[in-house]
Structures are given as C-alpha cells and as structure tokens.
Protein chains: 2
Amino acid sequence: MVTRADVARRAGTSTAVVSYVVNDGPRPVAAETRQRVLDAIAELGYRPNRVAQALRGQRSRVLGLIVPDISNPFYAELARVIENSADLLGYTLVLGNSEQDAQRELRYVRTFLDRQVDGLFLISGSSSEELMTLSSEVAIPFVLLDRRINYAPNAYLIATDGVAGAKTATRHLLDLGHRRIAALCGPAKMPSERAKGYIEAMREAGLEPRLYHSADFDRASTYELAKVILGDEDRPTALFATFDLAGISVIRAATDCGMQIPRDMAVIGYDNIQEGLYSTPRLTTMSQPTEELGTLATRHLIGLVEGQITRTFGMRLLTPQLVIRESCGMKELGKRA
Amino acid sequence: MVTRADVARRAGTSTAVVSYVVNDGPRPVAAETRQRVLDAIAELGYRPNRVAQALRGQRSRVLGLIVPDISNPFYAELARVIENSADLLGYTLVLGNSEQDAQRELRYVRTFLDRQVDGLFLISGSSSEELMTLSSEVAIPFVLLDRRINYAPNAYLIATDGVAGAKTATRHLLDLGHRRIAALCGPAKMPSERAKGYIEAMREAGLEPRLYHSADFDRASTYELAKVILGDEDRPTALFATFDLAGISVIRAATDCGMQIPRDMAVIGYDNIQEGLYSTPRLTTMSQPTEELGTLATRHLIGLVEGQITRTFGMRLLTPQLVIRESCGMKELGKRA
DNA sequence: TTGAAAGCGTTACCAT
DNA sequence: ATGGTAACGCTTTCAA
C-alpha cells in the first residue's frame with residue numbers, strides 16, 4: 001500500500017506538506033513543491049486511506065441506512081435515490097435490514113456507530129418511546145424517513161403527509177360514489193398515519209371505517225388478507241390499500257376469486273411503486289415523490305453532518321399526489337354499489 | 001467516547017489486558033482480572049471502535065456490494081440475502097449502484113478499497129478485459145455474481161447457468177409446439193449467456209433464432225420494445241424474456257395492444273422475482289435460487305477473506321429451475337401457430 | 001500474568 | 001513555506 005510517507009519521500013518533502021496539498025490546506029504550499037507532490041502522487045498512484053482519516057479526524061464520510069426490507073420495492077427505490085445523492089456528495093452508504101424488528105434496528109444503529117458513521121437514515125419500525133431513547137443515546141445526526149412517529153420531538157422526519165394522502169385517496173373513492181370503503185393496513189401493532197387519514201375521511205363523510213390488518217407488509221400476507229376481504233359476504237365496494245404492494249396483492253386475489261378490479265371492487269394504493277404502472281389493471285395510487293424524499297433526506301443529513309444546518313428536529317412533510325390509473329374505474333361503478 | 005484506556009483505568013489494569021479480554025487472546029488473563037475488566041466494560045458501556053481496529057489490523061469486517069441498480073427487484077432480493085448472511089457472520093455491507101457503467105463500477109471499487117473493505121461482491125457490467133485488469137489491480141478477494149463473463153480466469157463467479165437455463169426455457173416453448181420463438185434480451189452491447197442458450201436451443205431444433213435487444217434493463221425500455229415486437233406483422237408466437245422484468249413488460253404491452261398472454265403469445269421469463277407470482281397472468285419463468293446464490297457468495301467471500309478458502313477463481317454454477325405458471329399456456333396454443 | 005510501547009495512515013499544531 | 005511530531009483507538013510484541 002502506498003502511504004503518504006512514500007509520497008513525501010518521493011517528492012523530497014514531509015508528510016505534512018503532502019497533507020496540505022491533498023487537502024488544499026490548512027497551510028499554503030509553494031507552487032513548485034505542490035507540483036512535485038502532485039507528480040509523486042500520480043506516479044505512485046497514491047490514494048488517501050479513508051480509515052486512517054476517519055480515525056484521525058472525526059469524519060468518516062459514511063452514512064448508515066436502515067430499512068425494514070431492501071427487497072420491498074418502495075424502500076429499494078428510496079435506497080437507490082439516497083445512495084445516489086450521498087455518492088454525489090462524497091459519502092458512502094452502509095446498509096442494514098431491520099426486518100421491522102426494534103431489536104435488530106437498535107443493533108444496526110450500534111454497529112454503525114461503532115463504525116463511526118457520520119449520520120443515519122432510519123426507516124424505523126420502532127415506537128416513539130424507543131425512538132426517544134435512541135435519539136438521546138445517539139450522538140450523531142439522524143433523519144427519520146417515511147414512517148411518521150407520533151412523539152419524537154427530538155428527531156427530524158421527512159415523509160409524505162400520510163394523513164392527507166389517505167384522505168385524498170379515500171375521498172377519491174367517495175367521489176366515485178362508493179360508500180362501503182375499507183382499508184387494508186399493515187400489522188395492527190404498527191401505528192399508521194394512513195389508517196388515521198382514512199378513518200377521518202370516512203367519519204367526515206358520515207361513514208363507518210372498516211380496517212383490515214395484514215400480518216406483515218409483504219405480498220404473501222396481504223394476498224391472504226385480500227382473499228378474506230374478497231370472500232366476505234358484506235364485502236366493501238372499494239378498498240384503500242395503504243401501500244401499493246398490498247394493492248397489487250388485492251388485484252391478484254380478485255382474479256383468483258373470479259372477480260375483477262375495478263369492476264367488482266375499486267382499489268387505490270399508496271406509494272406509487274413502478275410495478276403499479278405495469279400491473280393489470282394499472283394501479284391508481286397516491287404517489288410519493290421518492291426522488292425528492294431521498295434527495296431532501298440526504299441533503300438534510302449531510303447538512304447536519306457538515307454543520308451547515310442545525311435543525312435536528314421537526315418534520316418535512318411532502319404532499320403525495322393522486323395518480324389516477326385504472327384500478328378504481330368510473331363513477332358508475334361506485335354508484336351501482 | 002469511551003475508549004479502551006478508560007476501561008483500563010477503571011479496572012486498574014493496562015490497555016493490553018483489556019484487549020486480551022475483549023478479544024479473548026492472544027494472551028490469557030487471570031480470572032479475577034478478567035472479571036474486573038468485564039465489569040468496567042459493562043459499567044462504562046464500552047464498545048470497541050471498529051475504525052481503529054480496521055486501521056490497526058488489516059481487517060475492517062466490511063464487504064462491498066456493487067450492483068447495477070438496487071431498485072431492480074432481482075438485485076434487491078439478492079442484496080437482502082447477502083446483507084443478511086454477511087450480518088450473521090459479523091460483516092457490514094457498503095452499497096454502490098453502478099448503473100451498468102464500467103466507469104462508475106471502477107470508481108466504486110476504488111472508493112471501497114480506500115475504505116479498506118475486506119472483500120467485494122460484484123454484479124458487473126464490465127467487459128472481460130476490464131474485469132481482468134480490475135482483478136489484477138485489486139488485492140482483496142472478490143466474487144462475481146450473476147453475470148457470467150467470458151474471460152475472467154482469475155475471478156470467482158457464482159451464478160445460475162444461463163446457457164442451460166435459457167435452453168430449458170426455450171425447449172419448454174418448443175415442447176409447447178411453438179416454432180416462431182423470439183428472445184427479448186438486454187442491451188446488445190452486454191454479452192448474454194441467456195441469449196446464447198436460446199440460440200443454441202433454437203439451432204438444435206433447426207430453427208432460426210430471433211433476437212431483440214432493449215435499450216436498457218428497465219421497465220420502460222423493455223415495454224417499448226415489447227410493443228414493437230407485438231406490433232410486428234410476423235410476430236413470434238412465443239417469447240423468451242431473458243429477465244422477468246421484461247416478461248412483465250411484455251404482458252402489460254400485450255394487453256395494451258389488445259392482445260392477451262398466453263392466448264396470443266406465450267411468454268417465459270428468467271429470474272423468478274416475486275412480482276411474477278402476482279402478475280396477471282402469473283409469469284412462467286426460470287427460477288434463480290436467490291437465497292442459495294446469496295448465501296453461497298457470502299460464505300465464499302468471507303471464507304476467502306478469513307483465509308479458510310484459497311480458491312479465488314473458477315465458477316459455481318447453479319441450475320435454474322423451470323417454474324410453470326400461466327404465461328405460456330397449454331400445448332394447443334403453440335400448435336395452432 | 002501483566003505492562004509499556006511501537007505502529008497502523010492521517011491531520012494539524014508547533015517550530016523553524 | 002515547510003518539517004517534526006503528537007494524537008486518533010486499537011493490537012501485539014517485547015520485557016518484566
């Protein structure tokens with residue numbers, strides 16, 4: 001391995017000067033010396049050792065990303081955006097899959113801390129209390145993503161406004177003439193802003209909300225639940241799936257039950273994963289601005305890390321957009337019900 | 001930050017002894033002393049600094065994973081498996097999206113090297129020559145995944161046998177009675193084992209292969225291409241999509257052209273991404289054993305890193321399994337053509 | 001069985 | 001403008 005000492009020797013100077021040249025400071029270097037150093041670096045193919053830099057300084061230029069499951073399309077997409085933005089700003093990403101498990105999540109946080117990451121992106125499955133404890137323990141900046149947690153006043157969150165989005169979705173169903181509208185949510189133990197928005201919209205319309213909870217956020221369990229919902233005598237005429245993956249499962253389950261979306265039931269999703277643009281029927285959904293979410297989060301976190309920003313708490317809520325495709329049908333369908 | 005010196009002070013011993021206790025060696029420690037150290041560690045909440053360990057020793061316990069695109073479902077799934085296996089063995093994963101770009105790929109390799117990763121997983125878009133150069137430059141172990149490259153005798157590859165898989169897929173179409181069978185491949189500049197297998201199977205059947213190349217591996221470009229294929233007067237009766245994402249695009253495009261899969265065209269994919277189990281129709285495909293691929297790769301790489309294995313070149317080819325679902329239809333459909 | 005100290009590659013302060 | 005050197009937290013050899 002080529003070290004700074006090798007460069008210094010070759011350039012006939014000291015390691016300090018090499019450092020000044022490499023880092024363009026903090027001391028000036030004579031033009032001629034600088035050139036000798038530059039030449040030596042090029043000839044030797046010298047590259048600074050990031051580990052040594054991290055140990056010496058306090059900055060590693062590594063950011064941690066903890067997601068529930070990288071194979072979930074929405075998180076994968078978000079991860080892509082974040083990795084990209086981080087890379088652009090000179091940061092490397094370490095990845096952890098928490099599997100919705102607070103224990104695992106905490107373990108990753110500690111592991112990453114041990115590795116001196118400069119900051120943390122957290123798509124957390126933890127409760128507010130756990131998060132509170134966490135944020136008081138963790139000395140580095142972190143930003144919460146996507147999942148809105150009720151009480152974490154000492155954290156910063158970037159997400160779409162789930163309550164507003166769910167209301168828009170529900171109202172779209174209402175506008176289409178539906179009255180018996182149910183919501184397919186994730187596990188009951190995970191508090192959901194989207195369920196809340198749905199309930200509010202229903203109440204405002206004088207309707208009784210009906211909530212279904214899947215065992216998990218994956219395809220298999222939402223598909224199972226969808227079959228149950230579809231098999232119900234008193235089946236709803238419209239369904240708000242609080243995440244697209246569930247919406248896709250419903251479409252598939254409907255076909256398997258000899259029904260058709262939207263003819264037999266209107267379905268609206270949330271997230272706008274790519275898959276929904278290619279499903280049959282195409283999934284109407286509340287679109288999360290993934291690109292924006294990811295870049296904002298990255299910029300905020302790095303801003304915090306580099307001290308250009310000091311706002312470590314609060315929320316940045318983006319408004320999801322209704323994207324009308326094919327899974328909700330026309331007004332007549334709703335009326336008929 | 002609590003350091004080893006703090007622990008030593010608290011336990012009334014030296015930093016060396018703390019090290020012996022923490023690492024369970026290389027020297028024995030008196031039971032009583034050990035206990036004092038353990039107590040001090042617990043009281044102080046001391047955790048070893050991984051960065052310092054990495055700098056001192058040569059091991060960082062970090063592995064790099066370079067994928068073309070983490071938002072591609074197949075890679076996301078593979079990444080999940082790899083992260084999981086690596087984590088189980090005490091390794092952390094850093095992630096890079098190469099976007100099929102050899103330049104970017106190389107940049108990530110260097111960045112990760114600067115960060116002293118112990119090993120590299122590479123789903124490479126580079127040519128054999130580039131890879132050869134790379135492997136001679138790179139001093140750490142690495143394993144190639146999924147993409148089989150013709151000439152990289154100094155690398156180790158784990159993948160499914162694309163030639164065999166493609167042949168199986170093509171023969172399945174042949175068995176169904178199809179004769180006009182085309183293949184939808186990725187970009188023409190990316191050499192494809194799967195295309196090769198398809199061509200061989202066609203030739204063996206005395207048939208003329210027909211290849212289509214999409215601009216990219218993503219949904220948008222495969223969808224565009226699918227429309228072209230479907231719009232062709234002389235359209236094939238069956239299509240081998242060399243990756244599931246393309247197969248899904250074809251299904252969607254068919255519907256948009258007023259056709260139906262499998263009635264108007266049989267489609268078989270490759271990969272077995274989850275999405276194919278939920279599409280309408282469900283996608284018949286060549287299943288890659290993602291779990292096995294990922295764990296094998298991780299075990300091999302870590303085995304190499306830890307010196308338990310010395311086999312740094314060769315191939316481990318798994319056989320993909322034909323998974324018959326709904327997108328190819330019955331024998332009659334092929335015959336009719 | 002334990003302690004002292006060198007050294008991993010960097011940075012930045014104190015000298016010169 | 002530049003060189004010498006201490007320090008970041010850890011591991012391990014050498015001595016005791």
Side-chain angles (χ1 to χ4, degrees), chain A residues 1-38 40-41 44-62 90 110-111 113-118 139-140, chain B residues 1-38 40-41 44-62 90 110-111 113-118 139-140:
Chain A
M1 165 174 257
V2 182
T3 77
R4 217 196 36 232
D6 299 323
V7 176
R9 202 171 310 119
R10 176 101 175 198
T13 178
S14 77
T15 60
V17 172
V18 178
S19 207
Y20 302 151
V21 171
V22 169
N23 303 331
D24 223 357
R27 295 243 162 282
V29 175
E32 200 228 343
T33 314
R34 145 175 263 102
Q35 194 51 56
R36 280 209 321 278
V37 170
L38 256 17
I41 288 176
L44 263 26
Y46 165 76
R47 313 202 89 218
N49 181 323
R50 298 287 180 191
V51 173
Q53 288 183 326
L55 177 59
R56 167 60 222 228
Q58 34 274 21
R59 304 264 311 281
S60 65
R61 287 185 172 275
V62 175
R110 291 206 221 282
T111 302
L113 250 24
D114 294 344
R115 295 203 177 284
Q116 305 259 85
V117 300
D118 291 340
I140 60 169
Chain B
M1 166 175 256
V2 183
T3 77
R4 182 185 91 284
D6 299 322
V7 175
R9 201 172 309 120
R10 176 99 175 202
T13 179
S14 76
T15 61
V17 172
V18 177
S19 206
Y20 302 152
V21 170
V22 168
N23 303 332
D24 222 358
R27 297 244 160 283
V29 175
E32 199 228 344
T33 314
R34 147 175 260 102
Q35 193 53 53
R36 280 210 320 278
V37 171
L38 255 19
I41 287 175
L44 262 27
Y46 165 76
R47 313 202 89 217
N49 181 321
R50 298 288 180 189
V51 174
Q53 288 182 326
L55 179 58
R56 167 61 222 226
Q58 33 273 24
R59 304 265 310 281
S60 65
R61 287 185 171 276
V62 175
R110 290 206 223 281
T111 302
L113 250 24
D114 294 343
R115 295 204 177 283
Q116 305 260 86
V117 301
D118 291 339
I140 60 169

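Letters go in sequence order (proteins before strands), and every chain restarts at 1.
Remark: Arg36(A) pairs with no residue by the side-chain hydrogen bond (donor to acceptor under 3.5 Å, both in side chains) rule, at least two apart or across chains. Shown here are the side-chain contact (heavy atoms from CB on, under 4.5 Å) partners of Gln35(B), two or more places apart in sequence or in another chain: Leu38(B), Asp39(B). Among residues two or more places apart in sequence or in another chain, the side-chain contact (heavy atoms from CB on, under 4.5 Å) test is passed with Arg59(A) by Arg61(A), Tyr91(A), Asp118(A), Val305(A), Glu306(A). The side-chain contact (heavy atoms from CB on, under 4.5 Å) search around Ala5(A) returns Thr3(A), Arg9(A), Thr15(A), not counting sequence neighbours. For Arg27(B), there are no side-chain hydrogen bond (donor to acceptor under 3.5 Å, both in side chains) partners, not counting sequence neighbours. In this view, Arg34(B) and Asp24(B) satisfy the salt bridge (charged side-chain N to carboxylate O under 4.0 Å, His left out) rule, not counting sequence neighbours. In this structure Ile140(B) satisfies the side-chain contact (heavy atoms from CB on, under 4.5 Å) test together with Leu113(B), Val117(B), Leu120(B), Val138(B), sequence neighbours excluded.
Using a 4.5 Å heavy-atom cutoff, the side chains of Val21(A) and Thr33(A) are not in contact. In this structure, the side chains of Val51(A) and Ser60(B) stay at 4.5 Å or more apart for every pair of heavy atoms.
Between the CG atom in Asp6(A) and the CZ atom in Arg10(A) there is a gap of 10.0 Å [rounded to 0.5 Å].
In this structure, Asp114(B) places its CG atom 13 Å from P of dG9(C), rounding to the nearest Å. Counting to the nearest Å, the P atom of dG9(C) and the CG atom of Leu44(A) are 14 Å from each other. One interatomic measurement links the two molecules: CG of Asp6(A) to P of dG9(C), which rounds to 9 Å at whole-angstrom precision. For Tyr46(A) and dT11(C), the OH to C1' distance is 11 Å, given to the nearest whole Å. For the pair Leu113(B) CG and dG9(C) C1', the computed distance is 16 Å after rounding to whole Å.
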Where protein sits on nucleotides 1-8 of chain C, one letter per nucleotide: B base, S sugar-phosphate only, - none, heavy atoms under 4.0 Å: SBBBBBBB
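Nucleic acid contact for Arg59(A): none, since no nucleic acid atom lies under 4.0 Å from a heavy atom of the residue.
Counting only residues at least two apart or on different chains, no salt bridge (Lys or Arg N to Asp or Glu O under 4.0 Å) pair has a member in residues 49-58 of chain A.
Across its full length, the helix from dT1(C)-dA16(D) to dT16(C)-dA1(D) shows an angle of 50° between the axes of its 5 terminal pairs at either end, rounded to 10 degrees.
With a cutoff of under 4.0 Å to any heavy atom of chain B, the contacted region of DNA chain D is bounded 5' to 3' by dG9(D) to dT13(D).
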